[in-house]
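First up is the structure itself, then whatever we jot down about it.
Keep in mind that the numbers below use all heavy atoms, side chains included, and drop hydrogens, waters and symmetry copies. By convention in this document, chain letters (A, B, ...) are assigned in the order of the sequence lines, proteins followed by strands, and residues within each chain are numbered from 1.
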Amino acid sequence: MTEKERVVDSSNFIRNIIEEDISSNKNDGKVVTRFPPEPNGYLHIGHAKSICLNFGLAQRYNGKCHLRFDDTNPETEKVEYIEAIKEDVKWLGFDWGDNLFYASDYFDKLYELAIDLIKQGKAYVCSLEADQIRETRGTLTEPGIESPYRYRSVEENLELFERMRQGEFPEGSHVLRAKIDMASPNMNMRDPVIYRIKKVSHHRTGDKWCIYPMYDYTHCISDALEGITHSICTLEFEDHRPLYDWVLEQVDLGCHPQQIEFARLNLSYTVMSKRKLLRLVEGGYVSGWDDPRMPTIAGIRRRGYTPEAIRDFCERIGVAKNNSIVDIALLEHCVREDLNQKAPRVMGVLEPLKVVIENYPEGQVEMVEALNNPNDPDSGTRMVPFSREIYIERDDFMEDPPKKFHRMSPGKEVRLRYAYIVECTKVVKDEQTGEILEVHCTYDPETRGGAAPDGRKVRGTIHWVSAADCIDAEVRLYNNLFTKENPDEVEDEEGTFLDNINPESLVVLKGCKLEKSLLEAEIGKAYQFERQGYFCKDKDSTEERTVFNRIVPLKDSWAKIASNK
RNA sequence: UGGGGUAUAGCCAAGUCGGUAAGGCACAGGACUUUGACUCCUGCAUUCCCUGGUUCGAGUCCAGGUACCCCAGCCA
């Protein structure tokens with residue numbers, strides 16, 4: 001383990017539990033976890049926390065982590081999601097090996113065990129309608145009322161359940177319920193439904209079944225069948241733990257995993273629930289599940305975030321039972337830290353301003369040598385064309401600059417990175433509007449490469465691109481999707497999180513001028529545009545059109561100073 | 001007014017047997033700088049939700065409060 005890794009290697013309560021279990025030789029010292037998504041949507045960074053936790057624990061303790069699709073509700077699930085989820089888990093850098101499972105693999109066994117429960121008198125077919133079941137469940141403060149069907153004979157239950165399976169009854173006419181305690185203060189224990197009739201075909205089992213088991217019944221048994229030792233889930237399942245344990249005690253599979261709950265991830269300035277994410281997509285507020293502003297794994301990947309950064313982030317946020325909202329700045333920090341190490345540097349001008357170097361020979365082009373990554377001595381150099389007409393960033397020129405402005409302004413010297421030291425001699429403006437059209441400079445031929453042989457100090461260094469030798473691009477700048485740390489905080493009662501969408505979450509820049517070497521950039525590969533941020537080519541790029549995404553901007557202490565004025 | 005949880009800095013979060021508050025992010029200074037980036041220094045909780053109690057000693061133990069989150073799907 002390197003020094004850096006040790007820094008973020010902090011313990012958490014789950015690791016403590018597992019370490020105690022290992023030292024007491026519980027489960028023969030083995031650790032088997034699982035990541036159990038329902039294939040009814042795309043994964044987001046909250047799932048990444050769970051994936052990193054479960055797979056990470058397995059790695060750390062030489063165990064295994066299964067990928068298991070919790071596919072018990074065919075109405076909402078699709079194979080398309082299964083494929084997307086697998087891809088996301090792989091992209092994050094985890095490997096389930098042979099341990100790919102589906103709850104639907106266990107439908108036969110689950111059915112068999114349900115019959116067992118009936119025979120034990122622990123489950124019964126209830127013929128109440130859905131709202132009758134709801135009405136008799138009681139409230140948070142009042143106990144429920146027992147179903148009139150609660151004491152049906154074992155024979156009758158067996159027969160009815162079999163007929164449910166055969167498809168003899170319409171949806172909603174009967175369910176199988178566990179017989180526990182209608183007066184339990186825990187609502188989950190008030191004779192929960194464990195099987196319901198759904199006459200829909202399943203994406204894996206086809207039309208074999210028309211009854212499907214419920215989560216509470218399925219999940220614990222699936223865990224036990226797979227020999228899971230630690231079944232880690234989020235806080236809202238804490239109330240379900242007694243039911244998890246109850247089911248396993250009744251069926252006795254010789255394995256009783258321990259359910260442990262932790263707090264799900266919330267991030268500032270974004271939303272994480274499947275429902276809200278779906279609304280953003282369906283309402284056209286974003287371009288799709290992989291819109292680079294989305295906190296989905298697909299969005300994050302397209303944006304250019306790296307799996308390494310995500311894993312580091314998940315390590316740093318820790319694991320606890322506290323409801324919390326993590327500052328998105330931490331995620332961005334992790335992305336910058338990772339990209340700073342590996343992203344090749346390049347020059348790109350986002351909002352171009354033409355500069356003419358008056359004393360530079362017309363038509364001359366010379367190649368200047370630039371470092372690919374000053375922070376990585378092994379990254380080598382590249383040659384960048386320089387000529388009489390170049391573009392610089394509009395922000396890097398001010399006709400009448402404030403005190404600490406170290407960039408280009410009339411009469412002041414500034415360095416063009418890797419090229420020459422220049423001095424602004426003239427500003428050309430539109431006579432009508434006063435807009436600055438171009439700037440003229442002279443260069444000092446003695447300063448090739450940017451060094452001053454006489455040792456004179458030049459504070460500012462700016463990036464540039466040769467006008468005749470650059471590519472035109474569209475650059476998409478992304479900002480927080482919402483204007484509020486907590487998007488659910490709305491002004492008036494009628495409002496929703498959608499009212500807090502940041503109108504500047506996407507800013508499209510056209511006519512950006514990029515260093516020619518970017519022509520061959522592969523989609524998704526991160527580059528640092530020096531002094532700007534990290535960018536990657538977007539999949540929307542074509543032969544005719546180059547599109548880059550801004551992954552994350554560089555920190556900008558000048559912007560802070562300037563905005564304080 | 002039932003049950004289950006959680007409270008340590010602006011945001012995360014560690015804190016085993018009670019021994020005198022880790023770390024990261026953010027923020028603020030400074031150094032360095034051919035990226036106002038990076039890196040490097042420095043600062044940032046006399047106090048752990050509150051009130052009592054036990055103790056030589058309490059974030060840790062005890063008692064009583066308070067605040068917030070979750071639960072009444074034939075969703076997971």
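The distance from atom CZ of A:R407 to atom P of B:rA37 is 10 Å, rounded to the nearest whole Å. Spacing between atom CZ of A:R459 and atom C1' of B:rG36 amounts to 8 Å, rounded to whole angstrom units. Here the C1' atom of nucleotide B:rG3 and the CG atom of A:N188 are 10 Å apart, to the nearest Å. Atom pair A:I392:CD1 and B:rG36:P shows a separation of 13 Å (rounding to whole Å applied). Rounded to whole Å, atom P of B:rU16 lies 15 Å from atom CZ of A:R15. For the pair A:I45 CD1 and B:rC12 C1', the interatomic distance rounds to 14 Å; values are reported in whole Å. In this entry the distance linking CD1 of A:I133 with C1' of B:rC74 reads 7 Å, nearest Å. Atoms CD (A:E393) and C1' (B:rA37) sit 15 Å apart, rounded to a whole Å.
Among the protein residues, A:E171 comes within range of no part of the nucleic acid, since none of its heavy atoms lies under 4.0 Å from any strand. In this structure, A:L267 reaches neither bases nor backbone, as no heavy-atom distance under 4.0 Å exists between it and the strands shown. Residue A:Y418 is classed as a base contact, given a heavy-atom separation below 4.0 Å to a base. As judged by a 4.0 angstrom heavy-atom cut-off over every strand, A:T72 is placed among residues touching the sugar-phosphate backbone only. Nucleic acid contact for A:V458: none, since no nucleic acid atom lies under 4.0 Å from a heavy atom of the residue. Base contact: A:A130 has a heavy atom under 4.0 Å from a base atom. Within the nucleic acid shown, A:F405 comes within 4.0 Å of at least one base atom, counting heavy atoms only. Counting any heavy atom pair closer than 4.0 Å across all strands shown, A:A263 reaches no nucleic acid atom. Note on A:L140: a base of the nucleic acid sits closer than 4.0 angstrom, heavy atoms only. Nucleic acid contact class of A:V175 (heavy atoms, under 4.0 Å, all strands): base. Using a 4.0 Å heavy-atom criterion, one finds that A:S324 contacts the sugar-phosphate atoms exclusively. Among the heavy atoms of the strands lying under 4.0 Å from A:P374 is at least one base atom, whether or not backbone atoms are also near. At a threshold of 4.0 angstrom between heavy atoms, the contacts of A:D216 with the nucleic acid are absent.
Using cut-offs of 30° and 60° on the angle between ring planes, the pair A:F535 and A:F529 is parallel. Ring orientation note: the planes of A:Y527 and A:F548 are nearly perpendicular, at an angle over 60° on the 30°/60° scale.
Taking atom P on both nucleotides, B:rA13 is separated from B:rC25 by 16 Å, rounded to a whole Å. Nucleotides B:rA76 and B:rC70 place their C1' atoms 15 Å apart, quoted to the nearest Å.
Salt bridge A:E515/A:R382: present, at least one basic N to carboxylate O contact under 4.0 Å. Between A:D556 and A:K560 there is no salt bridge, since none of the side-chain N atoms of the basic residue sits less than 4.0 Å from a carboxylate O of the acidic one. Checked for salt-bridge contact, A:D395 and A:R407 miss the test: no charged N lies under 4.0 Å from a carboxylate O. In summary, A:E226 and A:R68 engage in a salt bridge, as defined by a charged side-chain N under 4.0 Å from a carboxylate O.
Two residues, A:G138 and A:A419, neighbour RNA chain B, and the one matched to the more 5' nucleotide by heavy-atom proximity is A:A419.
Under the 90° criterion around 0 for the glycosidic angle, B:rG73 counts as syn.
Near RNA chain B, defined here as any heavy-atom distance below 4.0 Å, the residues from residues 233-246 of chain A are A:E236, A:F237, A:E238, A:D239, A:H240, listed numerically.
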Both atom distances under 3.5 Å, Watson-Crick or G-U wobble: I'd like the secondary structure of RNA chain B as a dot-bracket string, with | for pairs made across strands. .((((((..(((......[...))).(((((.......))))).....(((((..]....))))))))))).....
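Taking the six-membered ring wherever Trp is involved, the centroid distance between the rings of A:Y215 and A:F237 falls below 6.0 Å. A distance of 6.0 Å or more separates the ring centres of A:Y81 and A:F69.
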Stepwise, does the side-chain contact (heavy atoms from CB on, under 4.5 Å) test hold for A:F169 with A:R163? CA-CA 7 Å; A:F169 305 121; A:R163 290 173 61 193; 3.5 Å; yes
Protein within reach of the bases, or only the backbone? For nucleotides 25-32 of chain B, mark each nucleotide 5' to 3' as B, S or -, using heavy atoms under 4.0 Å. SSSS----
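Residues forming a side chain to side chain donor-acceptor pair (under 3.5 Å) with A:N486 (at least two apart in sequence, or on another chain): none. Scored by the salt bridge (charged side-chain N to carboxylate O under 4.0 Å, His left out) test, A:E236 finds A:R264 as partners (sequence neighbours excluded).
Side-chain atoms of A:Q528 and base atoms of B:rU35 include a donor and an acceptor less than 3.5 Å apart.
Taking every heavy atom of both residues into account, A:P257 and A:L248 meet most closely at CD-CD1, 3.6 Å.
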Quick one: side chains of residues 457-464 of chain A, donor-acceptor pairs under 3.5 Å with protein atoms, not counting sequence neighbours, listed by atom name and distance.
from	atom 1	to	atom 2	distance (Å)
A:R459	NH2	A:H406	NE2	3.4
A:T461	OG1	A:R415	NE	3.1
A:T461	OG1	A:R415	NH2	3.4
A:H463	ND1	A:R531	NE	3.3
A:H463	ND1	A:R531	NH2	3.4
A:H463	NE2	A:G348	O	3.3
A:H463	NE2	A:E393	OE1	2.7
A:H463	NE2	A:Q532	NE2	3.3
A:W464	NE1	A:R417	O	2.7

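For A:R137 and B:rC71, the shortest distance from a side-chain N or O to OP1 or OP2 is not below 4.0 Å.
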